[in-house]
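A short worksheet on the structure shown next.
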Amino acid sequence: MLSAILGVLDVFPYGDMSFIANGEVIEITDEQKADIQEEFLKYIENAYDTPALGVTFPELYDKMIKDGYFLNFKFDGYYEFNGLGFNELTIKVEEDGYGFNIYRGIDGKFQGRCFYINTENSSKDLYKVLNDILSSSGQEI
């Protein structure tokens, strides 16, 4: 397991990102992925983690993921932050949020304490990019 010399926000660029809308994985091009990454990095600029009170269970995660826009990041190896391990992270992107829970997964199973991130920036532009991708995808959700 890779010890967290870096903060939890620092690992996102190393993950294989996917976009999930209402429980369905949306196919995205490399260009769309770059647009998402650009807006995501703007959203988390100057963000900081705080103690999280949130806890998830597999059943809760499975239900939650069916409603809204999510970014999922899968990693080739295991990471650890504040004693909490993961090889997959998921965040929900609200239309105009200033923070988010990070749901931790290990080998596809999401459970345990979450990380909470406070942001100085709104998620409005990131949400718009995701909404535009979904609208242009032709997929019915």
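These figures come from a predicted structure and were not determined experimentally.
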> What is the distance from atom CE of Met64 to atom NZ of Lys92, rounded to the nearest 0.5 Å?
Replying inline: 7.5 Å

>> Walk me through whether Leu84 and Phe115 qualify under side chain to side chain contact (heavy atoms under 4.5 Å, CB included).
In response: CA-CA 9 Å; Leu84 303 173; Phe115 303 120; 3.6 Å; yes

>> So, using side-chain contact (heavy atoms from CB on, under 4.5 Å) as the criterion, who are the partners of Pro13 when residues are at least two apart?
In response: none

> Atom OG of Ser137 and atom CG of Leu130: how far apart are they, to the nearest 0.5 Å?
Replying inline: 11.5 Å

> Are Ile91 and Phe40 close enough, and set up right, to give a side chain to side chain contact (heavy atoms under 4.5 Å, CB included), and what steps lead you there?
Replying inline: CA-CA 11 Å; Ile91 67 165; Phe40 180 68; 3.3 Å; yes

> Quick check, are the ring centers of Phe86 and Tyr78 under 6.0 angstrom apart?
Replying inline: no

>> Is there a path of hydrophobic side-chain contacts, each under 4.5 Å between heavy atoms of I/L/V/M/F/W/Y residues, joining Tyr127 to Leu41?
In response: yes

> Is the Tyr14-Phe75 ring centre distance short of 6.0 angstrom?
Replying inline: no

> Do side-chain atoms of Asp49 reach the backbone of Ile117 as a donor and acceptor pair under 3.5 angstrom?
Replying inline: no

> Please, which pairs that meet side chain to side chain donor-acceptor pair (under 3.5 Å) have at least one residue in residues 52-67, sequence neighbours excluded?
Replying inline: Tyr61-Thr90

> For Asp96, does the CG atom sit with more than 12 other heavy atoms under 6.0 Å from it, leaving out its own atoms?
Replying inline: yes

> Among all residues two or more places apart in sequence or in another chain, which pass the ring pair (Phe, Tyr, Trp, His ring centres under 6.0 Å) test with Tyr103?
Replying inline: none

> Is there side-chain contact between Ile20 and Ile26, with at least one heavy-atom pair below 4.5 Å?
Replying inline: no

> For the hydrophobic clusters of this structure (ILVMFWY residues joined by side-chain heavy atoms under 4.5 Å, transitively), does one cluster hold both Ile28 and Val129?
Replying inline: yes

>> Measuring only between side-chain heavy atoms, which start at C-beta, is Pro58 closer than 4.5 Å to Phe110?
In response: no

> Asp16 and Lys33: side chain to side chain contact (heavy atoms under 4.5 Å, CB included), yes or no, with the steps?
Replying inline: CA-CA 10 Å; Asp16 182 26; Lys33 189 178 280 192; 3.5 Å; yes

> So, Asn72 versus Glu88: side-chain donor-acceptor pair below 3.5 Å or not?
Replying inline: yes

> Is it true that Lys74 and Asp107 make a salt bridge, defined as a side-chain N closer than 4.0 Å to a carboxylate O?
Replying inline: no

>> Do Glu45 and Glu120 make a side-chain contact, defined as non-hydrogen atoms from C-beta onward lying under 4.5 Å apart?
In response: no

> With a 4.5 Å heavy-atom cut-off, do Phe19 and Ile133 have their side chains touching?
Replying inline: yes

>> Check this for me: Lys124, atom NZ, are more than 12 non-hydrogen atoms of other residues, nucleotides or ligands nearer than 6.0 Å?
In response: no

> For Glu38, what residues pass the salt bridge (charged side-chain N to carboxylate O under 4.0 Å, His left out) criterion, not counting sequence neighbours?
Replying inline: Lys42

> Can you name the ring pair (Phe, Tyr, Trp, His ring centres under 6.0 Å) partners of Phe100, sequence neighbours left out?
Replying inline: Tyr43

>> Please give me the minimum heavy-atom distance between Gly97 and Ser123, naming the atom from each residue.
In response: N-OG, 2.7 Å

> Quick one: CG on Leu71 to CD on Glu39, what's the gap to the nearest 0.5 Å?
Replying inline: 11.5 Å

>> According to a hydrophobic-cluster definition based on side-chain heavy atoms being under 4.5 Å apart (Ile, Leu, Val, Met, Phe, Trp, Tyr only), do Val25 and Phe70 belong together?
In response: yes

>> Test ring-ring contact (aromatic ring centres under 6.0 Å, His included) on Tyr79 and Phe73; report intermediate values, then the result.
In response: CA-CA 12 Å; Tyr79 290 81; Phe73 299 83; over 10 Å; no

> In Å, rounded to the nearest 0.5 Å, how long is the span from CD1 of Ile102 to SG of Cys114?
Replying inline: 9.0 Å

> How many angstroms lie between OG1 in Thr119 and CD1 in Ile44, if you round to the nearest 0.5 Å?
Replying inline: 9.5 Å

> Distance-only, no hydrogens or angles: does the Arg104 side chain make a donor-acceptor pair with backbone N or O of Arg113 under 3.5 Å?
Replying inline: yes

> Are the side chain of Gln32 and the backbone of Thr29 linked by a donor-acceptor contact shorter than 3.5 Å?
Replying inline: yes

> Can you tell me if Asn22 and Tyr69 form a side-chain donor-acceptor pair at under 3.5 Å?
Replying inline: no

> What residues, two or more places apart in sequence or in another chain, satisfy salt bridge (charged side-chain N to carboxylate O under 4.0 Å, His left out) together with Lys128?
Replying inline: Asp132

> CG of Leu126 to CD1 of Ile36: how many Å apart, nearest 0.5 Å?
Replying inline: 7.5 Å

